[in-house]
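One structure is given here, and the rest of the page talks about it.
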Amino acid sequence: MSTKPARTRVAPSPTGHMHLGTARTALYCYLLARQTGGQFLMRLEDTDLKRTVEGTEQELYDGLRWLGLQYDEGPDIGGPYGPYRQTERREIYRHHTQTLIASGHAYPCFCTPERLDKVRQEQMKNKQNPHYDGTCRVIPPEEAARRVADGESYIVRFKMPTEGVTVAHDHLRGDITIENSQLNDYVLVRSDGLPTYHLAAMVDDHEMGITHVIRSSEWLATFPLHVNIIRAFGWEEPVFAHLSVFLKPSGKGKMSKRDSAAAKLDGHSIFVKDLDELGFTPEGVLNWCALMGWGVAEDDVMTLDQMVERFSIDNLTPSPAAINFQKLDHFNATHIRMFSTEDLAARIKPYFVREGLPVDDATLLQIVPLIRERLVTLDDCLSFAAFFFKGEVTPASEDLVAKGLDAKQSAEIARKSYEILSALPSLSHAEAEPPMRAYVEAAGLAPNQVFGILRVATTGQKVSPPLFESMEIIGRDKCLKRIQNAIEILENM
RNA sequence: GCCUCCAUCGUCUAGUGGCCCAGGACGAAGCCCUCUCAAGGCUUAAACCGGGGUUCGAAUCCCCGUGGAGGCACCA
């Protein structure tokens, strides 16, 4: 564990729904920053105007807050190293681009996209690796400067070394070595004047004092380029940790659009916004995605604070991890069980409200202990407790018939139960259960037969929280009315 | 095709040369508890990709295969 305060950052693009990968990167960054007493920041990488999708920037802020990963600096809250939106940092990039051109590490390129395309196709045809052919690399700087001044359209490319090797150090994998001849003269600045990721991210990470760059392993391929850029500037390199990618549940390849749709049908998703809507909790989601790529020996159920205590960048794993939604269910259910009654009540209340049910806090507080260990997702509260707030229930006639008995016998049991229960002053758990138990025994019936009829009668469903606890909450009058109704249904079968 | 990375139960992982006939978790199976469904308790099955080395000793180090993943854009 590092003791120096770490400055970390999550730097997503507003180009689509916020997904799990962003959430996990943000989580690790958050954990490292909090643990070391450093800062966690959020930076918006919005330099590709064409791919920007309206609304996704807000989704990013909302998603991070929902997860509880509050950043110390960011586009929407500011900070001492702002602006945190890359499109607002053009001057900074322009300045650094000039530095690179002046030092001979970058050069303007006047090749048209059409020509580049043709070259690429030619190379593919000849079974060569597609790469920039270096046409503009040899243009004398003065001539290039003149053409730029004349207003000719251009981009800026990084001048990669052509010989030797580049050794880049990844915290999880060690040294990564690549022949420089394999590297391309990558584009640093586009013709619209905006920088590409390669330039913008390196500049920003340096300018913002980032000490640990935790990012997706998709960047591994261009990692050597990035360290070359940093070294060209003469800057100190931050610690780099490239996280493994998420594989689809089958383990074969990355999650695709189709896989996402399939997951959604199954009540799961890789998008943070969906996860919220599907009834998952931030605690469950965080615990779940924390453990895909972070090896914990034992006691893997953790709150965010516990994760802060136990996290170590050294325990991150480099191999790809298949997504396992069953495990998400498990962690979500486990965290729900850890919530206090008041907390859980507040979290499930909106679901009843949304259904237009007359939910009141006092009743809700009584219900929560009965359903807490039955919920996998928060929206399960409806199937387990909606009947508490309904005026009447509509049991299916066939459900009212007890196992091994016919409708007539079931009706008789319902009548007898009504007799017993209606004689009681209240239907509290303590008062109602003993006489009913006695009846079951005297009649030589299975508890399940009698209680089953009552369950369906009073709750309208075959699966419910425990019977007597439920009846107590429903209340005497309502229960008796519902049993009466069930008797009628059984008699008319 | 080329480059890079990765490789322990079905899945996520612990393991950094002897504490490992490999530990935990999810899932699966069984039993117990039980008014349904859960939760809980107990138990079981289940892995070091293959082959060579190095070493007294290898899941752990090296090499070669094989498999998997990522990348090869004026996207990030």
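Lettering follows sequence order; numbering is per chain, from 1.
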Pair A/H268 and A/F280, ring centroids less than 6.0 Å apart: yes
Centroid-centroid distance, A/Y186 to A/H226, less than 6.0 Å: no
Mind calculating the distance between [atom1] ([X]) and [atom2] ([N]) to the nearest angstrom?
X      : N      : atom1 : atom2 : answer
A/D175 : B/rC6  : CG    : P     : 11 Å
A/L199 : B/rC74 : CG    : P     : 15 Å
A/N287 : B/rU13 : CG    : P     : 14 Å

5' precedence on RNA chain B between A/A11 and A/H429 (nearest-nucleotide basis):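 Looking at RNA chain B, the more 5' nearest nucleotide goes with A/H429.
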Closest-nucleotide 5' rank along RNA chain B - winner of A/I178 and A/Y154: A/I178
Taking only the side-chain heavy atoms of [X] (C-beta and beyond), determine which of [options] contains the nearest atom.
X      : options                : answer
A/N448 : B/rA69, B/rC35, B/rA25 : B/rC35
A/S191 : B/rU11, B/rC74, B/rC26 : B/rC74
A/N324 : B/rC75, B/rG24, B/rC26 : B/rC26

Both distances under 3.5 Å, Watson-Crick or G-U wobble: report the partner of [N], or none.
N      : value
B/rC42 : B/rG30
B/rC72 : B/rG1
B/rG18 : B/rC56
B/rC37 : none
B/rC49 : B/rG65
B/rA25 : B/rU11

A/R372 to A/F339, cation-pi by 6.0 Å centre distance and 45° axis angle: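 Pair A/R372/A/F339 does not count as cation-pi.
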Ring-face cation of A/R147 near A/F110 (centre distance under 6.0 Å, axis angle within 45°):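 So A/R147 does make the cation-pi contact.
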Contact list for RNA chain B against residues 449-471 of chain A - heavy-atom distance below 4.0 Å: A/F451, A/R455, A/K462, A/V463, A/S464, A/P465, A/P466, A/L467, A/E469
Neighbours of RNA chain B within residues 114-131 of chain A, by heavy-atom distance under 4.0 Å: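 A/R120, A/N129, A/P130, in order of number.
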By ring pair (Phe, Tyr, Trp, His ring centres under 6.0 Å) - contacts of A/Y61 (at least two apart): none
Tell me what [X] touches on the nucleic acid: a base, only sugar-phosphate, or nothing, going by heavy atoms under 4.0 Å.
X      : answer
A/I155 : base
A/T47  : sugar-phosphate
A/T177 : sugar-phosphate
A/C111 : base
A/V296 : sugar-phosphate
A/R337 : sugar-phosphate

Phosphate contact ([N] OP1 or OP2) by [X] side-chain N/O below 4.0 Å:
X      : N      : result
A/R374 : B/rU36 : no
A/K254 : B/rG71 : yes
A/T222 : B/rG71 : no
A/R215 : B/rG70 : no

Chi angles and distances behind the salt bridge (Lys or Arg N to Asp or Glu O under 4.0 Å) call for A/R115, A/D133: CA-CA 11 Å; A/R115 195 188 88 78; A/D133 64 358; 3.0 Å; yes
Quiz item: A/T196 side-chain donor-acceptor pair to B/rC74 base, under 3.5 Å: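 Donor-acceptor pair under 3.5 Å: no.
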Distance between the [atom1] atoms of [N] and [M], in whole angstroms?
N      : M      : atom1 : result
B/rC61 : B/rA73 : C1'   : 40 Å
B/rG18 : B/rG51 : C1'   : 24 Å
B/rG10 : B/rG27 : C1'   : 8 Å
B/rG24 : B/rG41 : P     : 14 Å
B/rA28 : B/rC5  : C1'   : 33 Å
B/rU60 : B/rG15 : C1'   : 8 Å
B/rC12 : B/rC21 : C1'   : 25 Å
B/rU55 : B/rG68 : P     : 34 Å

Pair A/E57-A/R85, salt bridge (Lys or Arg N to Asp or Glu O under 4.0 Å): steps then yes or no: CA-CA 10 Å; A/E57 177 177 330; A/R85 196 179 275 112; 2.6 Å; yes
Salt bridge (Lys or Arg N to Asp or Glu O under 4.0 Å) involving A/R476 - partner list, sequence neighbours excluded: none
Option among A/T196, A/D204, A/T47 that satisfies the side-chain hydrogen bond (donor to acceptor under 3.5 Å, both in side chains) test with A/Y93: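 Checked A/T196, A/D204, A/T47 against A/Y93; only one passes side-chain hydrogen bond (donor to acceptor under 3.5 Å, both in side chains): A/D204.
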Pairwise salt bridge (Lys or Arg N to Asp or Glu O under 4.0 Å) hits with a residue in residues 427-439 of chain A, at least two apart: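 Non-adjacent pairs meeting salt bridge (Lys or Arg N to Asp or Glu O under 4.0 Å): A/E433-A/R437.
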Can you list, pair by pair, the side-chain donor-acceptor contacts under 3.5 Å of residues 157-168 of chain A, counting residues two or more places apart and other chains?
residue, atom, partner, partner atom, Å
A/R157, NH1, A/D185, O, 2.8
A/T166, OG1, A/N180, OD1, 2.4
A/T166, OG1, A/N228, ND2, 3.1

Residues, nucleotides or ligands: over 12 heavy atoms within 6.0 Å of A/M124 CE: no
